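The residues of the chain are indexed from 1 along the displayed sequence. The model shown is predicted, which means the values in this text are computed figures rather than measured ones. Counting starts at 1 for both ligands and their atoms, in listed order.
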Amino acid sequence: MNILVLNCGSSSIKYQLREMSEGSNVLKAKGIVEKIGLPMGDIIYRPTGKEQSMIEQPIPDHTAGMDLILKALVNPETGVISSLSEIDACGHRVAHGGEYFSESVLVDEDVKAKIQECCALAPLHNPANLNGIVTMEKLMPGVPQVAVFDTSFHQTIPEEAYTYSIPSKYYREDKIRRYGFHGTSHKYVAEKACKYLGWDITTKKIITCHLGNGASITAIKYGKSVDTSMGFTPVSGVTMGTRTGDIDAGALLYIFEKEGYNYKEANDFINKKCGLLGISEKTSDFRDLADAANRGDKLSKLALKVFYYTIKRYIGSYAAVMDGVDLIVVTGGIGENNPSVREEICGKLSYLGITLDGKANLTREDRIISTPDSKAKVMVVATDEELVIATDTARLAQK
Ligand code: AMP
């Protein structure tokens, strides 16, 4: 089955075409449409085994963007399929499923209405995700559409972990609570690690650390998410590239009043101006930050220290929440590529019975990086959220 995977943002569309068959999958093409709605947009198209291309042209809306993607896929010279009828289903990443969705679903009118309702919870992402679904329905009528939610894996979190200490009417009336994000990634890497170790996930306590530009930590007890560091929005938790992570709300009120920020400015501040970028006053990119720290830049060194510290604090608290831990999994652009990050966050966890294997830790592959006698294991596992979307889509579309 050929599955088109779409991740629609407000001004961009990331896409992949994957051929899914029993036990294997082939990436046929991937790319991104950018700057939708701006005077000049572009589409980058990377067919597997062929040359990459980029075309610049105005892309007024998502329909025009999707149209470009479909045309690229069937282009007689550089395309990877000969006609659109070879696309069997389309899987969409959807940021927020609220309390409605605890798993991926085939899209129908009711599903669309619920995603629409959740736009209030994720105003930056859900409208674009829904727009992607509606557009594909128009461009490819009759082709099954599947919604895969960032929040659904965390719907098992108990009420004491998802309830904020605010008047309960805000939960009753506005559904304000912890939801958590990166769910597809946390679930995927935990399951993949257990498969690798030959473990039954329903008997294990696992802490997954997704460390990318956005970062979150999840406690997975017996196969279910029981707590996660992101909350009502993806701003909370550990320090991120540009997001604050956990912060006293009073400190934000102080800054907003001092700067006279309106809602949009305040939202931009907590999402785009803080985190590693804010502390270092240099960059949100981990590699650049590590380079600056190596050159002796004091604020970059401090940003790194804060990043490591907030992660360790979550690991400790989740070990407490689950009364122990059998496995820590590290993933994401930073976690997968950077041995020193893993050394910093897992190197001194002897109270959890963890000893890192310095040599194994130099890996960039899926691998155990703790010593054989380490009581709890540590693993690096590459995440693949698009594969999860393609797999769920193929499964549901076949039904
Ligand atoms: P992600 O959001 O998962 O794509 O991760 C993006 C982050 O991973 C950025 O901060 C990058 O600097 C970082 N990153 C990507 N590749 C590497 C690498 N080879 N070494 C260190 N950090 C990396």
Q: Distance-only check: which donor-acceptor pairs under 3.5 Å involve side-chain atoms of residues 39-47, not counting sequence neighbours?
A:
unit_1	atom_1	unit_2	atom_2	d
Y45	OH	A72	O	3.4
Y45	OH	T78	O	3.0
R46	NE	Q52	OE1	2.8

Q: State, without any angle test, whether H154 and S225 hold a side-chain donor-acceptor pair at a distance under 3.5 Å.
A: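 Result is yes, a qualifying pair exists.
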Q: Test: side chain to side chain donor-acceptor pair (under 3.5 Å). Region: residues 311-328. Which pairs qualify, not counting sequence neighbours?
A: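 Found D246-Y314.
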Q: Please tabulate protein-ligand N/O pairs under 3.5 Å for ligand 1, atom names and distances to 0.1 Å.
A:
unit_1	atom_1	unit_2	atom_2	d
ligand 1	2 (O)	N213	N	2.9
ligand 1	3 (O)	G333	N	2.9
ligand 1	8 (O)	I334	N	3.3
ligand 1	10 (O)	F286	N	2.9
ligand 1	12 (O)	D285	OD1	2.9
ligand 1	12 (O)	D285	OD2	3.1
ligand 1	12 (O)	F286	N	3.2
ligand 1	12 (O)	R287	N	3.2
ligand 1	12 (O)	R287	NE	3.4
ligand 1	16 (N)	N337	ND2	3.3

Q: Side chains of T218 and H182 only: does a donor on one sit below 3.5 Å from an acceptor on the other?
A: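 No.
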Q: Establish, from distance only, whether the side-chain atoms of H62 and T135 form a donor-acceptor pair under 3.5 Å.
A: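 No pair is found: no donor N or O on one side chain lies under 3.5 Å from an acceptor on the other.
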Q: Using side-chain contact (heavy atoms from CB on, under 4.5 Å) as the criterion, list what pairs up with L27, not counting sequence neighbours.
A: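 L27 satisfies side-chain contact (heavy atoms from CB on, under 4.5 Å) with Q16, R18, K30, T48 once adjacent residues are dropped.
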